[in-house]
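Shown next, in C-alpha cells, is the structure this report addresses.
Letters A, B, ... are given to chains in the order of the sequence lines, protein chains preceding strands, and every chain is numbered from 1. Atoms considered below: every heavy atom in the structure, side chains included; atoms not considered: hydrogens, waters and symmetry mates.
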Protein chains: 2
Amino acid sequence: MGYTYQYPRPSVTVDCVVFGLDLAAEDLKVLLIQRKKDPFAGLWAFPGGFVEEDETLEESAKRELQEETGISRLYLEQLYTFGDPGRDPRGHTVTVAYYALVKLSDHTPKAADDAKAVDWFSVSKPPKLAFDHAKILKMALARLRAKVRYQPIGFELLPAKFTLSQLQRLYEIVLERPLDKRNFRKKILGMGLLIDLEETQKDVAHRAAQLYRFDEERYRGLVAEGFNFEI
Amino acid sequence: MGYTYQYPRPSVTVDCVVFGLDLAAEDLKVLLIQRKKDPFAGLWAFPGGFVEEDETLEESAKRELQEETGISRLYLEQLYTFGDPGRDPRGHTVTVAYYALVKLSDHTPKAADDAKAVDWFSVSKPPKLAFDHAKILKMALARLRAKVRYQPIGFELLPAKFTLSQLQRLYEIVLERPLDKRNFRKKILGMGLLIDLEETQKDVAHRAAQLYRFDEERYRGLVAEGFNFEI
DNA sequence: CCAAAAGTGTTCACGGTACACCCATGC
DNA sequence: GCATGGGTGTACCGTGAACACTTTTGG
C-alpha cells in the first residue's frame, strides 16, 4: 500500500518556533521537544510534522502544536521555507517554518507531558538542535526583533493585563538594549493604544503599578487611517 | 514506474514574480507566461515549476527562470509559501514563491520566444492570472514596496549607470507617490552610497545629467557598522 | 531663443534623546 | 525608616518636509 507518483516528491513539513517571555527571569524562551528517535535522537527540535492532505499550512502548524504541546491560542506567522536537500538525512524534505508568540503564563511547566520531553529554553543558550533548526531559530529571532519594532506583536507575549514596566522590559529583552523609562512611557502612551484598567498590581513589595491592556480595536482603526506603530 | 511513498505527499513547486522597471513608460512591469494547457489554459502565470531532487529551492527558482525565460542574472528573494489545498485543481500543491528584480533593458522583447508567449505586463493592470497568482502578485508588490524603503534593492531595477532623476522616478513608481527632488538628492547623496562616474548622459535633448553607480562595497561596509538604508 | 530637464539652500516643525528626582507601598 | 520599583517634565538637536529659481544643452 502506498501513494505512487510519476516524479519523486520531497516531503513537506511544518515547524513552529514558539517564543515565550519569562518576565521573572527576564529572558526570552523557545519551546523545544527532545527527539526520541533517529535521526538526531536526544537532540532538541521545534514542534512540527508532516503536512496532511486537505489542510492549509497554517492549519497544519496549529494542529502539530496542539498535538505535541497542547498549545492552542497563539499568534502565528509564516517565517520562511527551508528546502535544502540534505537538511534531513532521511530524504529531501521541505519545511515551512512558522514562528509563534504565546503568553508563557498560560503554558508553564509542560516538562511532565505524556512521556515526551517538552521544555522552554533560553534563546541565548539553547541546547544542541536537530536538523537545521539552529539556522531556523536564528532567522526567527531576527524576524521577531525586526517585527516587534513596527508591529504591536509584543503584546502577544505578555499577560492580558500588564504594567508599563513589564512592557518596557519586554522590549528590552527582545531588542537586547536598554530603553529610557520616561521616553518609553511618553511614546507608548502617546499612541493611545493602551487602556488604563484603573486597577493596580497586587502583592508586590513596593508601590503597585497601574495595569493596562492593549486596545486591539483602536489599533485596527488607526491602521486604517494610515497609522504606523513604531518603538 | 513511479515513486511510491507510505503517506500522500503534496507536490512542491516554485514560482517567480519577476519585476522590471520600464523607465520610458514610467511603469513597473511583471513577467508572465501564457499557459497552453489546462488547468487555466490561456491565462497567464508566473514562471515556475516542480522542485527536483537534489536542488535547493533557490536553485530550483533560478533553473525554472532560465528555462522558461532565459533570465539568469537577477536579485532573488523568497517571498512566501502558499499551500492551501485547492489552489491547484490537479491536487495538493505547495508553492514556494520568490520575487525577483531584473534590469528590464537586459531582457526586453522576449515575446517571440520558442513558441511560448512570455511578456511583460503593467503590475497595475495585469491580465487574468491562473491559480492563486493574483494573490501572490499582491503580496509580492507589498513586499517590494516595503523593502525598497529600507534596503537598497531598487538599484537592481536600474541600469548599472543611472541618473539621480531615474533613481527618483524608480522610487516614485514603486511607492506610487511623488518625492521632492531637492530632499531626495540631499538624502541619497548624503548616504555616500553613489559613485559619481564623472560621465554624463548622451543623446538627450536637454542638459545631460550626471551618471552614478551604486557602491555595493561601501554599502556592505556601512551595514557592518550599523548603518540603516532608508528612503 | 525656446523647450526640457538638471541642479541647487534655507526655513520650520516635530520627534528622538538625554537626563534626575519625588512618590507610594510593604516589610 | 528603608528598600524597591513607580511615576513624572524639560531642553536640545537632528531629520523630514515644504518650497522656487537658475543653469545647461539640443534642436
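Only one option out of Leu43(A), Val30(A), Leu32(A), Ile136(A) pairs with Leu129(A) in a side-chain contact (heavy atoms from CB on, under 4.5 Å); it is Leu32(A). None of Tyr75(B), Tyr219(B), Phe162(B) except one satisfies the ring-ring contact (aromatic ring centres under 6.0 Å, His included) rule with Phe155(B); the exception is Phe162(B). Here the rule is side chain to side chain donor-acceptor pair (under 3.5 Å) with Thr95(A), and of Thr81(A), Asp15(A), Asp132(A) only Asp15(A) fits it.
With rounding to whole Å, Leu175(B) atom CG is found 16 Å from dG16(D) atom C1'. Taking atom CD on Gln210(A) and atom C1' on dA24(C), their separation rounds to 13 Å, with Å as the unit. Leu211(B) places its CG atom 14 Å from the C1' atom of dA5(C), with the value rounded to the nearest Å. Rounded to whole Å, atom P of dT15(D) lies 15 Å from atom CD1 of Ile231(B).
Terminal axes of the helix from dC1(C)-dG27(D) to dC27(C)-dG1(D) (five pairs each, C1' rotation axis) are separated by 0°, to the nearest 10°.
Formation of a donor-acceptor pair under 3.5 Å by the Glu172(B) side chain with backbone atoms of Leu179(B) is found in this model.
Using a 4.0 Å heavy-atom cutoff across all strands shown, Ser165(B) reaches sugar-phosphate atoms only and no base atom.
For DNA chain D, the residues of residues 179-200 of chain B within the heavy-atom distance limit of 4.0 Å (strictly under) are Asp180(B), Arg182(B), Asn183(B), Lys186(B), Lys187(B), sorted by number.
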Might you list the N or O atoms of the protein lying below 3.5 Å from N or O atoms in nucleotides 23-27 of chain D, with each pair's distance?
| unit_1 | atom_1 | unit_2 | atom_2 | d |
| --- | --- | --- | --- | --- |
| dT23(D) | O2 | Arg207(B) | NH1 | 3.1 |

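Counting only N and O atoms by type, the side chains of Ser124(B) and Ser122(B) include a donor and acceptor under 3.5 Å apart.
Ion pairing between a basic and an acidic side chain is recognised when a charged N comes within 4.0 Å of a carboxylate O; Glu59(A) and Arg63(A) show no such pairing. Comment: Glu26(A) engages Arg169(A) in a salt bridge, judged by a side-chain N to carboxylate O separation of less than 4.0 angstrom. Salt bridge status for Glu199(A) with Lys161(A): present, with a side-chain N to carboxylate O gap under 4.0 Å.
Checked against the 6.0 Å centroid criterion, the rings of Phe229(A) and Phe227(A) do not qualify as a close aromatic pair.
In terms of heavy atoms, Leu211(B) sits closest to Thr163(B) at CD2-CG2, 3.8 Å.
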